[in-house]
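So the structure is just underneath, and the comments pick up after that.
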There are 2 protein chains.
Amino acid sequence: MALSKIPRDRNLTYGLVESLGQLIVTGEFDAKAFPTEGELSRQHGTSRSVTREAVKMLTAKGLLQARPRQGTSVTPETQWNLLDPDVLRWLLERKFSLRLLAEFTEMRLAIEPAAARLAARRADPEAIAHIRDGLRRMIAAGVGDEEPVTADIAFHTAILAATGNRFYAQLDPLINTALRISIRFTNRIKGRAAGIAGHDEVLDAIAAGDAERAGLAMHALISDALQLIEAAAENPGATGARRSRRAG
Amino acid sequence: MALSKIPRDRNLTYGLVESLGQLIVTGEFDAKAFPTEGELSRQHGTSRSVTREAVKMLTAKGLLQARPRQGTSVTPETQWNLLDPDVLRWLLERKFSLRLLAEFTEMRLAIEPAAARLAARRADPEAIAHIRDGLRRMIAAGVGDEEPVTADIAFHTAILAATGNRFYAQLDPLINTALRISIRFTNRIKGRAAGIAGHDEVLDAIAAGDAERAGLAMHALISDALQLIEAAAENPGATGARRSRRAG
DNA sequence: TTGAGAGTAATAATCATATAATATGTTCGC
DNA sequence: GCGAACATATTATATGATTATTACTCTCAA
């Protein structure tokens with residue numbers, strides 16, 4: 001529930017992690033080599049301690065590797081830990097591509113229907129209340145920029161939590177990040193009413209303990225989103241993705 | 001393909017990360033508070049730089065958080081990044097629980113059938129050859145301790161790679177870790193022949209491009225494994241899990 | 001030309017120490 | 001009681017020196 005209390009920017013190290021993480025995923029160091037510790041420190045005006053600690057954190061996320069004499073280098077993209085919330089966030093926010101969003105949604109298409117089935121089998125009244133609360137907020141939300149999105153996210157993460165499976169629950173921050181970007185697509189194209197109806201069907205099935213129906217309903221929901229994303233990917237510009245700010 | 005060339009233990013920092021990671025997941029600091037930097041340094045005979053860098057890596061994995069004056073502390077287990085290969089490895093190797101293995105397998109039950117379906121739709125001849133090679137090695141393997149396991153793992157990860165989806169491919173190290181532990185169960189109880197038949201069915205369906213059949217076959221495979229694990233969890237000792245070393 | 005081996009040097013890894021920033025109590029004035 | 005000033009513990013940052021590792025170069029022999 002509570003946001004992380006760790007100060008991400010009032011702290012040189014975390015700030016540097018953010019900067020470097022974004023630079024790395026945007027391919028800043030594809031051509032030129034990654035700088036040495038000394039250069040990095042000079043370029044960012046940080047001490048070597050801070051620089052080294054930031055590099056170590058990025059190493060832990062699979063983005064960098066360091067060896068004496070060879071220096072520090074960006075690891076091949078295949079080794080990046082895409083399932084790390086920070087890495088996914090940097091990619092989606094700083095190097096957005098419909099392709100990547102489609103791939104992630106493709107994984108959601110496997111995960112979330114299964115989560116809905118588990119939730120239907122296991123959710124206790126309290127967990128169901130959380131899911132219902134998300135939907136209620138979706139319905140109550142006006143056309144404000146934030147609330148409809150956060151309510152939708154709350155709905156999905158409440159279902160993940162209701163599975164009672166720690167690995168599903170762990171996907172919360174990833175889905176959170178991806179949905180914040182993804183929802184703009186689906187809402188713009190499908191009407192709000194249709195979206196809410198789909199979510200309501202999921203909740204209804206879970207509350208009724210009908211695993212099969214819950215899975216199918218969730219599958220339909222995400223399948224729709226995936227199709228929209230894939231269509232946009234193949235036909236860029238036609239969906240209004242580019243002139244998004246105006247639609248309100 | 002190639003193993004990571006980063007020296008995990010010829011390096012004080014990585015060694016400390018390993019030690020602390022294992023201590024944390026085993027609940028070593030549940031009662032007592034996590035030591036201060038100074039204490040940690042003294043206890044492990046490392047300088048503060050090394051200690052801090054290790055702590056930073058564990059922070060990046062969600063296991064620790066540090067604040068001035070308050071000290072460093074273990075984060076609530078719900079914030080641990082279970083999808084980080086190191087974290088999952090520490091948990092399964094140092095604090096093994098059938099419950100956790102069951103939860104992971106439950107997630108595999110959502111992921112891998114979907115991966116098999118995608119592979120059936122998209123796999124090119126080369127990718128299929130990799131899958132086939134895994135199965136071939138499974139069949140050829142004797143009763144040696146290692147080869148049957150690594151071959152089985154190669155089969156599963158080849159399918160993940162064949163999806164052409166980076167997020168599925170990213171699950172490789174996780175599945176790798178979990179399978180190395182999980183396979184002992186399934187193989188001990190179900191015969192080798194039955195296991196190979198199941199895998200062959202998956203490969204056959206993928207090679208034929210039959211997504212539905214591939215998904216069902218993979219589902220059956222993992223569903224079997226999950227049932228064995230859950231049975232063992234509810235009835236500890238009865239499956240031979242405890243007297244494993246002798247069976248070989 | 002090739003290959004092995006020794007030597008060189010660049011770079012991260014480690015250590016040690018000092019100072020700053022930041023929470024958290026605690027005391028004091030009222 | 002209550003808020004502001006102050007003390008204190010701990011991480012955060014900075015810096016210089018030393019060590020360990022290993023990529024690269026060069027030599028020399030086959």
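Note that the structure is a prediction, hence the values are computed from the model and not measured. A note on names: the letters A, B, ... follow the listed sequences, proteins ahead of strands, and every chain is numbered from 1.
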| task | Strictly below 4.0 Å, heavy-atom distances to any atom of DNA chain D: list the hits from residues 33-48 of chain A, or just say none. | result | A:Thr46, A:Ser47, A:Arg48
| field | Residue B:Val50, side-chain atoms from C-beta onward, closest of D:dT13, C:dT14, D:dT10 | value | C:dT14
| query | With sequence neighbours excluded, what pairs up with A:Asn81 under the side-chain hydrogen bond (donor to acceptor under 3.5 Å, both in side chains) test? | reply | none
Examine [N]: is either OP1 or OP2 under 4.0 Å from a nitrogen or oxygen in the side chain of [X]? Give yes or no.
| X | N | value |
| --- | --- | --- |
| A:Gln70 | D:dT21 | no |
| A:Arg67 | D:dT22 | yes |
| B:Ser49 | C:dA16 | no |
| B:Asn11 | C:dT14 | yes |

Over how many whole Å does the gap from [X] atom [atom1] to [N] atom [atom2] extend?
| X | N | atom1 | atom2 | result |
| --- | --- | --- | --- | --- |
| A:Glu53 | C:dA12 | CD | P | 16 Å |
| A:Tyr14 | D:dT11 | OH | C1' | 10 Å |
| A:Arg69 | D:dT22 | CZ | P | 12 Å |
| A:Leu16 | D:dA14 | CG | P | 10 Å |
| A:Leu64 | C:dA13 | CG | P | 11 Å |
| B:Leu12 | D:dT18 | CG | P | 19 Å |
| B:Gln65 | C:dA23 | CD | C1' | 14 Å |

| A:His156 and A:Asn176: side chain to side chain donor-acceptor pair (under 3.5 Å), yes or no, with the steps? | CA-CA 9 Å; A:His156 285 270; A:Asn176 213 301; over 6 Å; no
| Is B:Arg122 paired with A:Glu103 through a side-chain N to carboxylate O contact shorter than 4.0 Å? | no
| query | Between A:Glu28 and A:Lys95, is there a salt bridge with N-O shorter than 4.0 Å? | reply | no
| query | Residues two or more places apart in sequence or in another chain: which of them pass salt bridge (Lys or Arg N to Asp or Glu O under 4.0 Å) with A:Glu77? | reply | B:Arg166
| said: Hydrogens and angles aside, do A:Glu18 and A:Trp90 bring a side-chain donor and acceptor to less than 3.5 Å of each other? | reply: yes
| request: Would you check if B:His199 and B:Asp152 make a side-chain contact, meaning some heavy-atom pair closer than 4.5 Å? | output: yes
